[in-house]
Amino acid sequence: MADSKGIAVSSYFAEDLARLYEQSPLHVVLYDPQDMVRYANPSHCIDFAMARDVPISWSDMMRHSFANKVGAAIQTDDIEAWLISAKARRGKLPFRCFETDLRNGRWMYITETMDEQGWMLSVGFDITALRTNDRSLRQARDGALRAAQVDTLTGVSSRAHVLEQLDLRLNQLRSNQQPCGLVLLDLDYFKKINDTYGHNAGDEVLQRFARLVVSSLGRNDGFGRIGGEEFLLLFPQATPAETEAKVQAILELVRESSPLPEVPRFHHTCSAGLTMLDPALSSIENMRNADRALYAAKGAGRDRLMWA
Ligand SMILES: Nc1nc2c(ncn2[C@@H]2O[C@H](COP(=O)(O)OP(=O)(O)OP(=O)(O)O)[C@@H](O)[C@H]2O)c(=O)[nH]1
């Protein structure tokens, strides 16, 4: 029986699908909302030299791939920086696809489909023999897209990309009542850091700050740089209490960090303005609310969060 949602499932559907995935040359991987691999078929495990019975996160799978020169051909000399930039684009939109090459020279077309709970199905198929003539053109297009979606200095989402995520979360809230915390995060006295230690040191503080925040986030959380030392965070599915706890944890991490190795006694802080997305307001109006709260946090002495 077919309907607008596709062919109706038989009671054997899950079993049949799993059996076929086991035999398929496709790369099939299912990730949970915490980005742990919950299922990976043999074809994927062989190319990534992965044990099937050891739980692994996507990040660790890519670190393993990089360290052992298996699986994805990751072009970088800093895998942690690569992960930050890859995470800026991963799991942010309901669907995306891209081409990538493997260490064994094969080319794969990867599709990622995500539901609102944050489960992600990744299906990759071998396109080594397909349209090789156009490949450099398609790679250039992917590179341009990446450049538009990722902030060059910090590797987190660009302003445009995180605002696109904000619109998506607002639509999800309107259609399915999925709550979402919105946070503006701003480094304190950043001008003084630049003035005291120089602009390069200021850049380093921004980079390390971004890396620290990313380490505390889930895959579906949004994090982008929207201006000089101002960042936007999105916590889909989070309650107000969860949003506040996540931001408190970030403030604590930043407070304890020592981002300039050559000046170990240097510490800094940041302030945050919080609001829960309001479906009756536009993206801009929601941002404005968070901005007012941020302004209040600054006025109240900084190194703290305030609710709109
Ligand atoms: N190093 C570096 N500095 C930047 C960058 N973008 C903006 N800035 C600097 O960030 C500083 C922001 O200063 P202000 O807006 O006065 O804010 P602040 O000093 O952090 O003060 P409060 O926010 O009130 O705590 C300015 O001096 C900008 O020049 C960047 O990419 N790198």
Side-chain angles (χ1 to χ4, degrees), residues 76 78 80-89 144 146-166 181-217 222-234 243-244 246-275 284 286-308:
T76 184
D78 181 350
E80 296 307 318
W82 183 89
L83 283 170
I84 288 177
S85 142
K87 280 184 189 172
R89 307 177 68 209
R146 197 176 315 120
Q149 291 182 330
V150 174
D151 174 59
T152 331
L153 178 69
T154 59
V156 304
S157 291
S158 65
R159 179 186 171 88
H161 190 40
V162 76
L163 292 182
E164 186 183 1
Q165 293 166 47
L166 169 58
L182 165 65
V183 181
L184 283 179
L185 204 55
D186 189 285
L187 275 67
D188 294 330
Y189 302 116
F190 191 65
K191 183 174 179 321
K192 193 160 165 240
I193 298 175
N194 271 335
D195 292 347
T196 311
Y197 302 104
H199 196 85
N200 287 345
D203 282 358
E204 202 172 337
V205 170
L206 286 170
Q207 286 166 328
R208 290 188 184 247
F209 167 82
R211 199 173 278 210
L212 204 59
V213 176
V214 167
S215 72
S216 78
L217 299 180
F223 181 41
R225 183 170 175 222
I226 57 168
E229 21 61 281
E230 191 168 14
F231 295 80
L232 189 149
L233 283 162
L234 291 165
T243 300
E244 181 162 331
K246 284 170 185 238
V247 177
Q248 286 292 15
I250 289 172
L251 296 189
E252 182 73 24
L253 275 175
V254 173
R255 207 175 287 135
E256 286 174 0
S257 69
S258 176
L260 294 176
E262 57 283 12
V263 197
R265 68 187 152 73
F266 169 77
H267 296 283
H268 73 125
T269 57
C270 63
S271 304
L274 283 61
T275 187
I284 303 289
N286 275 292
M287 292 248 295
R288 224 172 265 148
N289 281 344
D291 197 36
R292 269 195 285 269
L294 171 63
Y295 190 75
K298 293 271 182 184
R302 299 175 175 77
D303 188 20
R304 69 196 62 211
L305 64 81
M306 290 277 214
W307 279 95

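Both ligands and their constituent atoms are indexed starting at 1 by order of listing.
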Within 4.0 Å of some non-hydrogen atom of Gly228, the atoms of ligand 1 are 6 (N), 7 (C)
Atom 10 (O) of ligand 1 sits nearest the protein heavy atom Phe190 CD2, 3.2 Å
heavy-atom search around atom 21 (O) of ligand 1 in the protein gives Tyr189 N, 3.7 Å
Exactly one of Leu305, Leu185, Leu274, Leu184 clears side-chain contact (heavy atoms from CB on, under 4.5 Å) with Leu294, and that residue is Leu184
When every non-hydrogen atom of Ser157 is compared with those of Ala88, the smallest separation belongs to OG-O, 2.9 Å
With heavy atoms and a 4.0 Å threshold, my read on which part of Glu229 contacts ligand 1 is side chain
Practice problem: State whether the side chain of His267 and the backbone N or O of Ser257 hold a donor-acceptor pair below 3.5 Å, judged by distance alone. | Solution: yes
Check: of His199, Lys192, Lys191, Arg225, min heavy-atom distance to atom 13 (O) of ligand 1 comes from Lys191
for atom 22 (P) of ligand 1, nearest protein heavy atom and its distance come out as Lys298 NZ, 3.4 Å
heavy-atom search around atom 32 (N) of ligand 1 in the protein gives Asp203 OD1, 2.6 Å
Which of Asp303, Asp186, Asp188 passes side chain to side chain donor-acceptor pair (under 3.5 Å) with Ser271? Answer is Asp188
Determine all donor-acceptor pairs shorter than 3.5 Å in which one atom belongs to a side chain in residues 204-212; sequence neighbours excluded.
residue: Gln207; atom: NE2; partner: Leu153; partner atom: O; Å: 3.1
residue: Arg208; atom: NE; partner: Pro259; partner atom: O; Å: 3.1
residue: Arg211; atom: NH2; partner: Asp78; partner atom: OD2; Å: 3.4

N/O donor to acceptor pairs below 3.5 angstrom from side-chain atoms of residues 190-199, sequence neighbours left out:
residue: Lys191; atom: NZ; partner: Asp195; partner atom: OD2; Å: 3.0
residue: Thr196; atom: OG1; partner: Lys192; partner atom: O; Å: 2.6

Between Leu206 and ligand 1, does any nitrogen or oxygen pair lie at a separation below 3.5 Å? no
Side-chain donor or acceptor of Thr275 paired with backbone N/O of Ala290 under 3.5 Å:
no
Note: ligand 1 atoms sitting under 4.0 Å from heavy atoms of Gly202 are 1 (N)
Of Gln207, His268, Arg302, the residue with the heavy atom nearest atom 24 (O) of ligand 1 is Arg302
query: Is there a donor-acceptor contact under 3.5 Å from the side chain of Arg304 to the main chain of Arg302?
result: yes
message: Does ligand 1 come near enough to Asn194 that some N or O of the ligand is less than 3.5 Å from an N or O of the residue?
response: yes
Atoms of ligand 1 under 4.0 Å from any heavy atom of Asp186, numbered from 1 in the order shown, are 23 (O)
Nitrogen or oxygen of Leu187 less than 3.5 angstrom from that of ligand 1: yes
In ligand 1, the atoms that come under 4.0 Å of a heavy atom of Asp188 are 20 (O), 25 (O)
Report yes if some heavy atom in the side chain of Lys246 is under 4.5 Å from a heavy atom in the side chain of Val183; otherwise report no.
-> no
